[in-house]
Protein chains: 2
Amino acid sequence: MTSMQRDTRTAILDAAQELIQTHGANGMSYQSISRVVKIRKASIHYHFPSKDKLIEEVIRRYSREFLGLVDGILVSSDSAPGKLRRYIGLFETTLRNGAGRRVCLCGMLGAELASLGNPAVSLLRRFYRDNAKRLARILEDGRKTRTLSFDGDPETMGELIFSFLEGAMPVARADGGVKGFGRMTGQLLRNLGL
Amino acid sequence: MTSMQRDTRTAILDAAQELIQTHGANGMSYQSISRVVKIRKASIHYHFPSKDKLIEEVIRRYSREFLGLVDGILVSSDSAPGKLRRYIGLFETTLRNGAGRRVCLCGMLGAELASLGNPAVSLLRRFYRDNAKRLARILEDGRKTRTLSFDGDPETMGELIFSFLEGAMPVARADGGVKGFGRMTGQLLRNLGL
DNA sequence: GTCTATAGCGCGATAGAC
DNA sequence: GTCTATCGCGCTATAGAC
């Protein structure tokens, strides 16, 4: 292991992630990665033996980082509405930083579910559940403190809001952009009593 | 034009649509179509000169048929909540008929936006707007008749609900299935005062 | 209208030199 | 760790026979 390995490995993961978020798993190839990272496509196999393994690593890293940010929001001293706003902000940031061309990694891969291996599908399912569960905690907290209002159980409401956010990203990318996304999330918050 | 042309053309469109809804545009190939329709892959080019044109035709037909069903709901004598339930039912039927593996054609293609030609992207954008607009009409009607309750303008609410439905299909396909989809849409209706 | 044959490219993956 | 070279496959698309 030379001093460059970690950096090359990270650079490959970065390139793969961005390519998946913009073009999908089928639009991400060893060739396209080699154009971004200054390395020959055959060399990528040294770091990631197969494309399936590479995709799994990208999902794992993305899930870890994203849920880490979410947990940071959960343990903060913000009000429930504040936490919800910050949670939605994570999705908006993805759209904004990608110049309106990047969507959630796991939302994109959800569309390509049939092309993925079983390990990747399991990782996606876990990402969905973990997000819905954390949203449910915020919602339950908000209802208790009477700062958020909605009907039905918080778990299902968490699933609903998560699905909406995953759907709103590709829709906004095609029409409305970051502005359209913000309009929709604003409407959501308004209907939660904010 | 022999007597078979229309049927072959339709069979190709049917196969292409189903393949896109399950595997995406990148997972739909002339080869995979030829496996379903009993025809050689080169022969497909007689009916659709390029893959881009084929995709455009599939979107056009899907939009026409889907919006036709929606318009049928709009002109019916159902109450606004009844219309909304039937509209949501169109999405649930897609998921159910595809054995939980098929999502909305235009939701799938929205994820693959970067791989599509400009005409296809414009058709998608129109589909999104047309759906949101029709939802807005149902919502406005429901608010006037006090059968649906929500805050903010109906247009934005229409965009929100449409994005939710497009997001809920791939999420439910990965986790929860038709049952999970129904749970989320039930929660939505509950929060609109039903 | 449908066929066979093929061009031309990009893909994932491997072998082996350095 | 990265390279060159190559294999075998699937892809879109075209030419030309029938």
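So you know, we letter chains A, B, ... as the sequences are listed, proteins then strands, and number each from 1.
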Enquirer: Could you state the atom-to-atom distance from CD1 of A:Ile44 to C1' of C:dT14 in whole Å?
Expert: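 Distance check: A:Ile44 CD1 to C:dT14 C1' gives 15 Å.
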
Enquirer: I'd like to know if A:Arg134 pairs up with A:Asp71 as an ion pair, taking the criterion as any Lys NZ or Arg NE/NH1/NH2 lying under 4.0 Å from an Asp or Glu carboxylate oxygen.
Expert: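 Salt bridge present between A:Arg134 and A:Asp71.
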
Enquirer: Please tabulate, one pair per line, each protein N/O and nucleotide N/O from nucleotides 12-14 of chain D that are separated by under 3.5 Å, including the distance.
Expert:
| residue | atom | partner | partner atom | Å |
| --- | --- | --- | --- | --- |
| D:dT12 | OP1 | B:Lys51 | NZ | 3.1 |
| D:dT12 | OP2 | B:Tyr30 | N | 3.0 |
| D:dT12 | O4 | B:Lys41 | NZ | 3.2 |
| D:dA13 | OP2 | B:Lys51 | N | 2.8 |
| D:dA13 | N7 | B:His45 | NE2 | 3.3 |

Enquirer: Verify the contact: side-chain N or O of A:Tyr46 to OP1 or OP2 of D:dG1, cut-off strictly under 4.0 Å; return yes or no.
Expert: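 Looking at the OP1 and OP2 atoms of D:dG1, one of them is under 4.0 Å from a side-chain N or O of A:Tyr46.
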
Enquirer: Can you tell me how far C1' of D:dC11 sits from CG of B:Leu19, to the nearest Å?
Expert: 15 Å

Enquirer: What integer distance in Å separates B:Asp7:CG from C:dT2:P?
Expert: 10 Å

Enquirer: Would you check if A:Glu155 and A:Lys133 make a side-chain contact, meaning some heavy-atom pair closer than 4.5 Å?
Expert: no

Enquirer: Would you kindly compare B:Ile39 and A:Arg35 by the position of their nearest DNA chain C nucleotide and give the one closer to the 5′ end?
Expert: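 By nearest-heavy-atom nucleotide position, the 5'-most residue is B:Ile39.
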
Enquirer: Between atom CZ in B:Arg9 and atom C1' in C:dT2, what is the gap in whole Å?
Expert: 17 Å

Enquirer: Evaluate whether atom CG of A:Asn97 has more than 12 neighbouring non-hydrogen atoms of other residues, nucleotides or ligands under 6.0 angstrom away.
Expert: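 Correct, the count exceeds 12.
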
Enquirer: For the side chain of A:Lys41 and the backbone of A:Ser34, is there at least one donor-acceptor N/O pair under 3.5 Å apart?
Expert: no

Enquirer: Judged by modelled atom types alone, do A:Gln17 and A:Arg61 share a side-chain donor-acceptor pair under 3.5 Å?
Expert: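 Result is yes, a qualifying pair exists.
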
Enquirer: Go through the structure and list residues passing ring pair (Phe, Tyr, Trp, His ring centres under 6.0 Å) with B:His23, not counting sequence neighbours.
Expert: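 If we apply the ring pair (Phe, Tyr, Trp, His ring centres under 6.0 Å) test to B:His23, skipping adjacent residues, there are no hits.
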
Enquirer: Would you mind reading off the distance between B:Ile12 atom CD1 and C:dG1 atom P, rounded to a whole angstrom?
Expert: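 Taking atom P of C:dG1 as the reference, CD1 of B:Ile12 is at 11 Å.
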
Enquirer: Is any side-chain N or O of B:Ser43 closer than 4.0 Å to OP1 or OP2 of C:dC3?
Expert: yes

